[in-house]
Each structure stands twice: as structure tokens, then as C-alpha cells.
Visitor: 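My questions all concern the structure below.
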Amino acid sequence: MTRHQPEPEPQRQPEPDTGRDPAAPAGRAAPAPDPAELPGGAAVEAEGIGLKGPRGWVFRKVTVEAAPGSVVALTGASGTGRTCLLLALTGRMKLTEGEARIGGLRLRKQAAAIRRTAALAHVPGVDDLEPSLTVCEHLRERVLLQRRYGTAPLAALKAALRSPRQRRADARRVHDEALAAAGLDLATLPKGPRTAVRDLERLERLRLCVALALIGRPRLIAVDDVDLKLSAPLREEAWALLASVAASGVTVLAVCGEAPAGLPGDVPLVVVVTDRATGARTAEDAPAEPAPKADNTDETEKETADALAETGRA
């Protein structure tokens, strides 16, 4: 009898490294890491970005480069697109042109991931505080929202399985750390933690907004109208607050009427000047065109109002 020899198995060639997770389905790349789990602040890199509204360009040709833990001051006249630029860099408005990276994430492709790691601290018309609620109620509400929507599903499940006493202790620890970072002492308020928001001074309200933003442990926070209606000493306190936040590693975007000459503690400061002629430019750049006429201010303010209304609905 003739025995049939078994055919040799073909040798398998090693698969090329495509950077894809082997466990991931074919044709789909491995998911990007959660931005909230990345250490440190977020670097801001923008090159030639612009946003066009129903009545024309809100801002254009913006270039920003800031290292993690820096304070980026967006300064310029009212109606030159400062707030829209702030919202665009945090993933709340869609760019029309240009490209930017926030913490290594592409702004035009990964805006949702950027929104998870960039918090709004004080942007009137978008994240206004409720005047009738107390400071304690705002803190409790933000902790509950962060626990429900701002954490990974597994972490949220583990938090839900803890006892009510442990959950209350965790919530107290979280908002105490945020209040300490924002420099808000509840004992100095008129009614302590039961003080209504309408009874807070402007700087105290700014500190509360920063504390609420820090509860989510973001890598970047955005603050609008930092120096609006503040005296010179209070402006220094406000910038010292933002500098202390940046010194802890969180990048800060701040809209202001006039940028400071420097920040305490040698915190890096990047100044971006917006205007109607060039859209936006860094403080070191020379203006490419003459100053704009005052006739365009009303039209630009209408563009900004429309954009803010659209962001509020979103």
C-alpha cells in the first residue's frame, strides 16, 4: 500500500505593523485614548484658522502656539471675534478654514474628544450660572453631572456601587479641592455656602466658575471677559488666579480687553491680538493693514451674537 504523505502547511508571513489594535475589527483603527486620562495640560497649536458666519468672517488667519500650562490671552476690541475664537479652540464651534491641535487632538476631526478635556469656566451666554441657586447647590449639581456624564462607564459604575456616605465624602473632597485651587473661601461669603449667586461679587463669581470647571479635572479651561468691569487691583487678582491654575498644569484660554505685561510665578503668557483688518495676530507681529473703521463694529457684534446663540442651542 502506498501511503499518502501529508501536505506541508504553508508558512504564514508576519503581518505588517499598521498601528491597529489586533482585537479591533478589521478596517477599524484602535480607539484613541481618553483625553481626560492624559497627564498635564493641553498644548494649543493653530495655523491659519478662521470661522465664517452668515454675515462674513468672524475671525481669520489666526495662529497660536502655546505650551501646556500656559495662559493664552485673547485680546482686542469688542466685536472682533474673541469669544468665537475661544469657543472654536475648545471644540464648541466648527472652523471654516485652517487646522489646529489641542493636546495633540485634531480640532476639525476630534472636536468631541476636545470638548471632554476642555472646560468652559466663564462664558456669558453659554454657561451662565443660575442667579437664584446657592454656591453649594451649584457645586453639588456639577459633581453629580460629572459623576453621571463626565466619567468612563466603568468608573461611573464603581461610584454608583459605593455607599451613600462614601459618595458624599468623595463629592465633598472633589469640590473642596476645586475651591482651594480657585481660591474661593466659602467662610468669607455673606451666607457661607448658602450664598446665592446674585449676591456674589464679580471676582467671587469668577472664582466659582473656575472651581466648577476644575471639578471635571480638565486639561484646558476657557474664561471670557476676565477683566470686564474690574478695577486695577481686582484685575491683578484675577490674573493671579489664572496664573495659579496654569501653574498647576492646566492650560488657560482667557479673553480680555487688555493683556497683562506678565504673570506671577513666571507662568508662560501668549498674547493673541484680534482685529478686523487681519482677523487675529500674535502680539509680536506687525499689523498688515491699517486700523478698521468704526462702522464695521455693529455688523461684527451681530455675527458674534448669532454664533453665540447657535452655540447655546447646541
Side-chain angles (χ1 to χ4, degrees), residues 35-36 38-46 49 62-76 82-93 100-105 107 114-124 126-127 142 177-184 202-228 230 234-274 280 282-283:
L38 299 176
V44 180
E45 300 170 345
I49 62 175
V62 179
T63 299
V64 185
E65 185 174 356
S70 303
V71 175
V72 182
L74 308 177
T75 182
R82 299 174 305 170
T83 301
C84 293
L85 176 59
L86 181 81
L87 294 173
L89 291 175
T90 56
R92 270 74 177 182
M93 283 188 174
R101 289 182 178 270
I102 309 297
L105 301 175
L107 185 56
I114 293 174
R115 288 194 295 270
R116 290 197 300 269
T117 189
L120 301 182
H122 177 265
V123 182
V126 179
D127 66 338
R142 185 60 61 92
E177 292 176 355
L179 289 173
L184 181 61
R202 181 166 181 82
L203 185 58
E204 294 172 341
R205 187 174 302 185
L206 175 62
R207 293 184 184 277
L208 175 60
C209 292
V210 172
L212 293 175
L214 292 177
I215 286 178
R217 295 183 175 89
R219 303 178 63 199
L220 181 145
I221 66 171
V223 186
D224 194 10
D225 293 335
V226 174
D227 54 357
L228 181 64
L230 290 180
L234 293 181
R235 283 199 298 268
E236 294 181 1
E237 291 187 33
W239 285 112
L241 164 64
L242 299 183
S244 65
V245 173
S248 67
V250 181
T251 306
V252 178
L253 299 179
V255 170
C256 58
E258 182 180 357
L263 295 174
D266 294 331
V267 174
L269 175 64
V270 178
V271 180
V272 177
V273 183
T274 61
T282 58

Visitor: For Gly41, is there any backbone N or O sitting under 3.5 Å from a side-chain donor or acceptor partner on Thr251?
Guide: no

Visitor: Can you measure from CG (Leu241) to CG (Leu234) and round to the nearest 0.5 angstrom?
Guide: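 If we round to the nearest 0.5 Å, Leu241:CG and Leu234:CG are 12.0 Å apart.
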
Visitor: So, the side chain of Thr117 versus the backbone of Ile114: is there a donor-acceptor pair under 3.5 Å, distance only?
Guide: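 No; judged by distance alone, with no hydrogens or angles, the pair does not exist.
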
Visitor: For Arg115, give me all partners under side chain to side chain contact (heavy atoms under 4.5 Å, CB included), at least two apart in sequence or on another chain.
Guide: Arg92, Ala111, Ala112

Visitor: Just to verify, which of Val252, Val250, Val245 counts as forming a side-chain contact (heavy atoms from CB on, under 4.5 Å) with Val210?
Guide: Val245

Visitor: For Ala246 versus Val71, what's the shortest heavy-atom pair and its separation?
Guide: CB-CG2, 3.6 Å

Visitor: Could you state the interatomic distance from CG (Leu105) to CZ (Arg116), rounded to the nearest 0.5 Å?
Guide: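 These two atoms lie 8.5 Å from each other.
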
Visitor: Which heavy-atom pair separates Leu263 from Ala243 by the least distance, and what is that distance?
Guide: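 Result for this residue pair: CB-CB, 4.2 Å.
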
Visitor: Who pairs with Glu65 by side chain to side chain contact (heavy atoms under 4.5 Å, CB included), at least two apart in sequence or on another chain?
Guide: none

Visitor: Would you say the side-chain atoms of Arg82 pair up with the backbone N or O of Gly76, donor to acceptor, closer than 3.5 Å?
Guide: yes

Visitor: Among residues at least two apart in sequence or on other chains, which ones pass side chain to side chain contact (heavy atoms under 4.5 Å, CB included) with Ala211?
Guide: Ala178, Leu179, Ala182

Visitor: How close do Leu228 and Arg202 get, heavy atom to heavy atom, and via which atoms?
Guide: O-NE, 2.6 Å

Visitor: When you look at Ile49 and Leu89, which way does the side-chain contact (heavy atoms from CB on, under 4.5 Å) test go after all the steps?
Guide: CA-CA 10 Å; Ile49 62 175; Leu89 291 175; 3.9 Å; yes

Visitor: Show the nearest heavy-atom pair for residues Ala66 and Val72, with the distance to one decimal.
Guide: CB-CG2, 3.5 Å

Visitor: May I have the step-by-step check of side-chain contact (heavy atoms from CB on, under 4.5 Å) for Leu220 and Val44, ending in yes or no?
Guide: CA-CA 9 Å; Leu220 181 145; Val44 180; 3.7 Å; yes

Visitor: Who pairs with Ala259 by side chain to side chain contact (heavy atoms under 4.5 Å, CB included), at least two apart in sequence or on another chain?
Guide: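 Ala259: side chain to side chain contact (heavy atoms under 4.5 Å, CB included) contacts with Ala73, Thr75, Cys256, Val271.
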
Visitor: Minimum heavy-atom separation for Ser244 to Ala181, with atom names?
Guide: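 Closest approach of Ser244 to Ala181, heavy atoms only: OG-O, 4.2 Å.
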
Visitor: Quick one, Thr83 and Met93 - any side-chain contact, counting heavy atoms below 4.5 Å?
Guide: no

Visitor: Report the distance from atom NE2 of His122 to atom CG of Asp127, rounding to the nearest 0.5 Å.
Guide: 7.5 Å

Visitor: Can you tell me how far apart CG (Leu208) and CZ (Arg142) are? Round to the nearest 0.5 Å.
Guide: 9.0 Å

Visitor: Could you tell me the separation between the CD atom of Glu177 and the CG atom of Leu214, rounded to the nearest 0.5 Å?
Guide: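 Taking CD in Glu177 and CG in Leu214, the distance rounds to 10.5 Å.
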
Visitor: On a heavy-atom basis, which atom in Ala238 and which in Val226 lie closest, and how many Å separate them?
Guide: CB-CG1, 4.0 Å

Visitor: Between Asp224 and Leu120, is the side-chain contact (heavy atoms from CB on, under 4.5 Å) condition met? List the steps.
Guide: CA-CA 9 Å; Asp224 194 10; Leu120 301 182; over 6 Å; no

Visitor: Within this structure, what is the CG-CG distance for the pair Asp225 and Leu206, rounded to the nearest 0.5 Å?
Guide: 10.5 Å

Visitor: Taking salt bridge (charged side-chain N to carboxylate O under 4.0 Å, His left out) as the definition, give me every residue that meets it alongside Glu237, ordered by chain and number, with sequence neighbours left out.
Guide: Arg207

